[in-house]
Amino acid sequence: MIDSFPTSKNLENTINQKELKENEEKWHTGPSTSNTSTNYHQRQYASKYHSPNQYHQEAYNKKILAGVLAIILGHIGIHKFVLGYTTEGILLLVLGLTGYITTCMFIGYYMLLIAFIIGLVEGIIYLTHTDNDFYETYILNKKPWF
(Lines give C-alpha, C1' and ligand atoms only; values in the text may rest on other atoms or scores of the structure.)
Protein backbone atom coordinates (compact mmCIF):
# COMPACT_ATOMS: atom_id res chain seq x y z
CA MET A 1 0.00 0.00 0.00
CA ILE A 2 2.84 2.36 0.75
CA ASP A 3 4.38 1.62 -2.65
CA SER A 4 1.29 2.93 -4.46
CA PHE A 5 1.74 6.49 -3.18
CA PRO A 6 4.01 8.61 -5.33
CA THR A 7 7.17 9.69 -3.63
CA SER A 8 9.05 12.81 -4.53
CA LYS A 9 11.67 10.73 -6.37
CA ASN A 10 9.05 8.80 -8.39
CA LEU A 11 7.22 12.03 -9.19
CA GLU A 12 10.49 13.65 -10.28
CA ASN A 13 11.31 10.67 -12.57
CA THR A 14 7.83 10.87 -14.12
CA ILE A 15 8.24 14.58 -14.82
CA ASN A 16 11.71 14.01 -16.31
CA GLN A 17 10.37 11.26 -18.56
CA LYS A 18 7.57 13.53 -19.82
CA GLU A 19 10.06 16.31 -20.55
CA LEU A 20 12.33 13.84 -22.31
CA LYS A 21 9.48 12.63 -24.54
CA GLU A 22 8.47 16.21 -25.35
CA ASN A 23 12.06 17.11 -26.24
CA GLU A 24 12.35 14.01 -28.44
CA GLU A 25 9.15 14.94 -30.26
CA LYS A 26 10.42 18.50 -30.79
CA TRP A 27 13.74 17.14 -32.06
CA HIS A 28 12.10 14.86 -34.61
CA THR A 29 9.28 17.13 -35.74
CA GLY A 30 10.79 20.56 -35.18
CA PRO A 31 9.35 23.41 -33.16
CA SER A 32 5.61 23.69 -33.40
CA THR A 33 4.01 26.90 -34.57
CA SER A 34 0.46 28.08 -34.28
CA ASN A 35 0.07 28.23 -38.05
CA THR A 36 -1.47 24.89 -39.03
CA SER A 37 -0.90 25.37 -42.75
CA THR A 38 2.85 25.62 -42.15
CA ASN A 39 2.79 22.39 -40.16
CA TYR A 40 0.72 20.73 -42.88
CA HIS A 41 3.20 21.73 -45.58
CA GLN A 42 6.15 20.65 -43.44
CA ARG A 43 4.54 17.26 -42.87
CA GLN A 44 3.75 16.93 -46.58
CA TYR A 45 7.37 17.74 -47.48
CA ALA A 46 8.71 15.40 -44.80
CA SER A 47 6.46 12.54 -45.88
CA LYS A 48 7.40 13.04 -49.53
CA TYR A 49 11.16 13.47 -49.08
CA HIS A 50 11.72 11.73 -45.74
CA SER A 51 12.27 13.56 -42.51
CA PRO A 52 15.34 15.85 -42.44
CA ASN A 53 17.30 13.61 -40.05
CA GLN A 54 16.57 10.55 -42.14
CA TYR A 55 17.69 11.95 -45.48
CA HIS A 56 20.81 13.52 -43.97
CA GLN A 57 21.79 10.12 -42.60
CA GLU A 58 21.01 8.38 -45.89
CA ALA A 59 22.93 10.98 -47.88
CA TYR A 60 25.90 10.84 -45.51
CA ASN A 61 26.08 7.04 -45.62
CA LYS A 62 25.79 6.83 -49.40
CA LYS A 63 28.14 9.77 -49.90
CA ILE A 64 30.92 8.20 -47.87
CA LEU A 65 30.44 4.71 -49.30
CA ALA A 66 30.16 5.87 -52.91
CA GLY A 67 33.08 8.28 -52.54
CA VAL A 68 35.46 5.72 -51.07
CA LEU A 69 34.40 3.02 -53.52
CA ALA A 70 34.80 5.45 -56.43
CA ILE A 71 38.36 6.23 -55.41
CA ILE A 72 39.33 2.60 -54.74
CA LEU A 73 37.22 0.61 -57.24
CA GLY A 74 35.95 3.36 -59.52
CA HIS A 75 37.48 1.77 -62.59
CA ILE A 76 34.91 -1.05 -62.43
CA GLY A 77 31.95 1.18 -61.50
CA ILE A 78 30.99 -0.21 -58.10
CA HIS A 79 30.07 3.27 -56.84
CA LYS A 80 27.51 3.64 -59.63
CA PHE A 81 25.70 0.50 -58.47
CA VAL A 82 25.64 1.81 -54.88
CA LEU A 83 23.90 4.99 -56.06
CA GLY A 84 21.45 3.03 -58.24
CA TYR A 85 22.87 3.97 -61.64
CA THR A 86 22.86 0.52 -63.23
CA THR A 87 23.47 1.58 -66.84
CA GLU A 88 26.43 3.79 -65.95
CA GLY A 89 27.81 1.08 -63.66
CA ILE A 90 27.66 -1.47 -66.44
CA LEU A 91 29.42 0.95 -68.82
CA LEU A 92 32.29 1.47 -66.37
CA LEU A 93 32.43 -2.25 -65.61
CA VAL A 94 32.72 -3.10 -69.31
CA LEU A 95 35.34 -0.36 -69.80
CA GLY A 96 37.39 -1.61 -66.85
CA LEU A 97 37.16 -5.30 -67.70
CA THR A 98 37.94 -4.63 -71.36
CA GLY A 99 40.94 -2.63 -70.21
CA TYR A 100 42.15 -5.51 -68.05
CA ILE A 101 41.62 -8.03 -70.85
CA THR A 102 43.44 -5.94 -73.46
CA THR A 103 46.42 -4.91 -71.34
CA CYS A 104 48.63 -7.06 -73.52
CA MET A 105 47.91 -4.48 -76.20
CA PHE A 106 48.58 -0.89 -75.24
CA ILE A 107 44.96 0.18 -75.76
CA GLY A 108 44.02 -1.59 -72.51
CA TYR A 109 46.22 0.73 -70.49
CA TYR A 110 44.46 3.76 -71.91
CA MET A 111 41.04 2.29 -71.15
CA LEU A 112 42.07 1.57 -67.56
CA LEU A 113 43.58 5.04 -67.23
CA ILE A 114 40.30 6.63 -68.35
CA ALA A 115 38.29 4.43 -65.98
CA PHE A 116 40.62 5.20 -63.05
CA ILE A 117 40.44 8.95 -63.72
CA ILE A 118 36.62 8.85 -63.89
CA GLY A 119 36.46 6.98 -60.58
CA LEU A 120 38.96 9.27 -58.87
CA VAL A 121 37.25 12.47 -60.02
CA GLU A 122 33.79 11.23 -59.08
CA GLY A 123 35.02 10.05 -55.67
CA ILE A 124 36.52 13.46 -54.92
CA ILE A 125 33.35 15.20 -56.10
CA TYR A 126 31.13 12.95 -53.95
CA LEU A 127 33.22 13.47 -50.83
CA THR A 128 33.45 17.25 -51.22
CA HIS A 129 29.70 17.81 -51.65
CA THR A 130 27.65 18.71 -48.60
CA ASP A 131 25.05 16.17 -47.50
CA ASN A 132 22.17 18.32 -48.80
CA ASP A 133 23.83 18.90 -52.18
CA PHE A 134 24.71 15.23 -52.53
CA TYR A 135 21.16 14.16 -51.65
CA GLU A 136 19.54 16.59 -54.06
CA THR A 137 22.00 16.04 -56.91
CA TYR A 138 22.66 12.30 -56.88
CA ILE A 139 19.75 10.74 -54.99
CA LEU A 140 16.75 12.92 -55.86
CA ASN A 141 17.73 14.34 -59.27
CA LYS A 142 19.76 11.29 -60.35
CA LYS A 143 22.66 13.09 -62.02
CA PRO A 144 24.69 10.17 -63.41
CA TRP A 145 28.05 11.68 -64.39
CA PHE A 146 30.25 14.23 -62.61
Side-chain angles (χ1 to χ4, degrees), residues 6-7 9-146:
T7 62
K9 191 171 189 177
N10 289 343
L11 187 59
E12 189 176 306
N13 286 341
T14 307
I15 292 171
N16 287 340
Q17 288 175 354
K18 286 181 184 178
E19 288 178 4
L20 183 63
K21 285 182 184 179
E22 289 174 3
N23 287 339
E24 277 185 346
E25 288 176 10
K26 285 180 183 176
W27 176 258
H28 291 293
T29 61
S32 62
T33 60
S34 61
N35 188 354
T36 56
S37 65
T38 303
N39 286 338
Y40 174 75
H41 293 298
Q42 286 174 349
R43 281 182 274 142
Q44 286 291 85
Y45 180 81
S47 66
K48 187 174 180 182
Y49 298 111
H50 307 294
S51 65
N53 292 336
Q54 193 175 17
Y55 86 78
H56 281 296
Q57 188 63 34
E58 179 186 357
Y60 179 75
N61 289 342
K62 282 195 174 185
K63 178 178 93 168
I64 299 298
L65 181 62
V68 170
L69 285 175
I71 291 171
I72 297 172
L73 298 172
H75 61 287
I76 55 175
I78 300 298
H79 62 288
K80 294 293 188 182
F81 293 109
V82 167
L83 293 175
Y85 304 136
T86 309
T87 306
E88 292 81 7
I90 291 172
L91 286 173
L92 275 176
L93 182 64
V94 167
L95 181 68
L97 291 179
T98 306
Y100 279 121
I101 291 171
T102 59
T103 53
C104 59
M105 298 176 272
F106 288 108
I107 192 165
Y109 291 113
Y110 294 116
M111 295 173 108
L112 279 175
L113 180 65
I114 290 169
F116 273 112
I117 289 173
I118 289 172
L120 181 66
V121 168
E122 284 190 340
I124 292 170
I125 289 172
Y126 293 161
L127 292 174
T128 56
H129 269 94
T130 64
D131 293 343
N132 288 338
D133 289 341
F134 182 83
Y135 183 79
E136 289 175 10
T137 306
Y138 298 105
I139 296 176
L140 283 181
N141 296 331
K142 297 284 187 186
K143 180 181 176 185
W145 298 102
F146 301 93

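Below, each value reflects all heavy atoms present in this structure, side chains not excepted, and no hydrogens, waters or symmetry copies. Small disclaimer: the values here were computed from a predicted structure and weren't measured.
Side-chain contact between Met111 and Tyr100 is absent, with no heavy-atom pair separated by less than 4.5 Å. Put simply, the side chain of Tyr85 reaches to within 4.5 Å of the side chain of Tyr138, judged on heavy atoms. No side-chain heavy atom of Tyr126 sits less than 4.5 Å from a side-chain heavy atom of Ile71.
Between the side chain of Thr98 and the main chain of Leu95, no donor-acceptor pair closer than 3.5 Å is present. Between the side chain of Thr130 and the backbone N or O of Asp133 there is at least one donor-acceptor pair closer than 3.5 Å.
Nearest heavy atoms, Ala70 versus Glu122: CB-C, 4.3 Å.
Interatomic distance, NZ of Lys80 versus CD1 of Ile118, reported as 8.5 Å (0.5 Å rounding). Interatomic distance, OH of Tyr60 versus CG of Asn132, reported as 14.5 Å (0.5 Å rounding). Expressed to the nearest 0.5 Å, how far CG of Leu73 lies from CG of Leu93 amounts to 11.0 Å. Note that the NZ atom of Lys62 and the CG atom of Asp131 stand 13.5 Å from one another [nearest 0.5 Å]. We find the CD-NE2 distance between Glu88 and His79 to be 9.5 Å, quoted to the nearest 0.5 Å. Here the CD1-CG distance, from Ile117 to Leu112, works out to 11.0 Å after rounding to the nearest 0.5 Å.
Enclosure of atom CD1 in Ile107 is not indicated, since only 12 or fewer non-hydrogen atoms of other residues, nucleotides or ligands lie within 6.0 angstrom.
Among Leu69, Thr86, Leu92, the single residue meeting the side-chain contact (heavy atoms from CB on, under 4.5 Å) criterion with Phe81 is Thr86.
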_Under the criterion side-chain contact (heavy atoms from CB on, under 4.5 Å), I'd like the reasoning laid out for Met105 against Tyr110: C-alpha separation, chi angles, the key distance, then a yes or no._
CA-CA 10 Å; Met105 298 176 272; Tyr110 294 116; over 6 Å; no
